[in-house]
Amino acid sequence: MSHEAPVIGLVEDDPIMGESLAQRLALEGMKVRWWRTGREAVTDIRRTRFGAIVCDIRLPDLDGEAVFREAVQLPQAPPFLFVTGHGDIDQAVRLMRSGAADYVTKPFEMDDFLMRLGDLLQPASTADAGLLGISPAIRQVEALLCRVARLSSNVLVTGETGTGKDVAARFLHAQSGRATSPFVAVNCAAIPADLMESELFGHERGAFTGAAQRHLGYVERAGEGTLFLDEIGELRLDLQAKLLRLIEGRTFQRVGGEREIAFRGRIVCATNADLAQRVANGQFREDLLYRINVVSIRLPPLREHPDDIPWLMERFFAEFGTRPGTSLKGIGALAEEAALLHPWPGNARELRNRMERAVALALGPWLMPGDLFPEHAGESNGASTRIGSLEAARQDAEKRHILRALAATGGELSAAARLLAVGRTTLWEKMRRLGLSNDG
Ligand SMILES: Nc1ncnc2c1ncn2[C@@H]1O[C@H](COP(=O)(O)OP(=O)(O)OP(=O)(O)O)[C@@H](O)[C@H]1O
């Protein structure tokens, strides 16, 4: 990690407020880039890497929300700390639901502000926690991934299609000591069988007709990083034998080469197939299964953790809802309800695809059930046939809102309680009652 002072972007049109924040941040040893307008900020955020952005909501041109929505589209979007007036709290809460890191309300204590900003500048390992979801089931998966990340053991990620196995493997890599080395993903089902060996292990010049140059395979390109073998169940039996040798001997040969080359990377495999069944059918080597399956992590299907549906919707809305030409304000409550009733056979991928299409085609200001499920448009709403009690609906809504607050505060109970405007004990009690605490 770099030890240079972090660069903080400050979006503030008030000269007095801007001057005092800029001076104080500089005194604390940070570099500050100060913009008076949203447009200047957006242009600069695209060009430079910032440790965090401190952003006023009311600006003379674009408002802070527009700046944020532009920034979250960048591959390494900086965390946003919003500075709001009392009248903007609803908007600040909505922004946090869309992934903003924190907000302070004017007038604020400078020490409190600096503490919150300091939290955002922590190394990625802690700041990234909570990336996969907010439900207890996914937090458990995440905790396991974080624990395993520190080891070198081979990991097998299992789960139905679209559950996020690739996302989980990247998360594991990012949390590991290998994060600065490559993450090399190979889809074993997508590469033609006759090319697979040379794609995996590389080849020497002249190894076969057409091999005009030496070619480095995925295994070699992974270096000391992570080699992610997706859909491992599709690997041909002869290549399974070669992979076994790679794992056991930690060496490999390029096709047509004589030299043994050392392998220092880590192997993570993924499958949505039942590998034990494939072993029984003679399609998968049992010894290889034992080797790749030292630690096995199952990603649950989305229907088993519906608490993540609204969270994922917000995430995808932040990704797609801000493209030029869309004037959507947000996700309507009915769309959220309809999504909660859908079984999601394609899991997070289906949700992402539906959100992308819905955002592109929606006509109104709020995303509606018909935008998400056009195939059901005109049918009577499934929700009306399954009406639960008012109390159950209230509890559901309360539970989802608490989970969002906890996600927004990285699981920090006191901060979540502040956000929800209840006492810490009240929040704790509610979490126990709603089955959200581990010891409840
Ligand atoms: N936790 C998540 N947060 C955000 N996006 C997610 C999450 N999980 C999955 N996705 C998105 O859903 C899509 C499918 O995810 P991914 O490719 O990781 O699934 P998979 O289980 O590897 O699928 P397959 O079995 O088909 O290979 C991707 O576009 C991914 O970005």
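In each ligand, atom 1 is the first atom listed, and ligand 1 is the first ligand listed.
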- Could you pull out every protein residue that has a heavy atom closer than 4.0 Å to ligand 1, ordered by chain and then number? Leu132, Glu160, Thr161, Gly162, Thr163, Gly164, Lys165, Asp166, Val167, Asp230, Asn272, Leu312, Arg315, Phe316, Ala348, Arg349, Arg352

- Message: Would you say CZ of Arg236 has more than 12 non-hydrogen atoms from neighbouring residues, nucleotides or ligands within 6.0 angstrom?
- Response: yes

- Task: For His342, enumerate each residue passing the ring-ring contact (aromatic ring centres under 6.0 Å, His included) test, keeping only those at least two apart in sequence or located in another chain.
- Result: Trp344, Phe373

- His173: what forms a ring-ring contact (aromatic ring centres under 6.0 Å, His included) with it, not counting sequence neighbours? Phe183

- Item | Test of ring centre spacing under 6.0 Å for Phe50 and Trp35 | yes

- Could you go step by step and tell me if Glu304 and Arg298 meet the salt bridge (charged side-chain N to carboxylate O under 4.0 Å, His left out) rule? CA-CA 12 Å; Glu304 283 180 20; Arg298 173 183 176 265; 3.1 Å; yes

- Note on the structure: Applied to residues 186-200, the side chain to side chain donor-acceptor pair (under 3.5 Å) test, sequence neighbours excluded, yields Glu197-Lys242

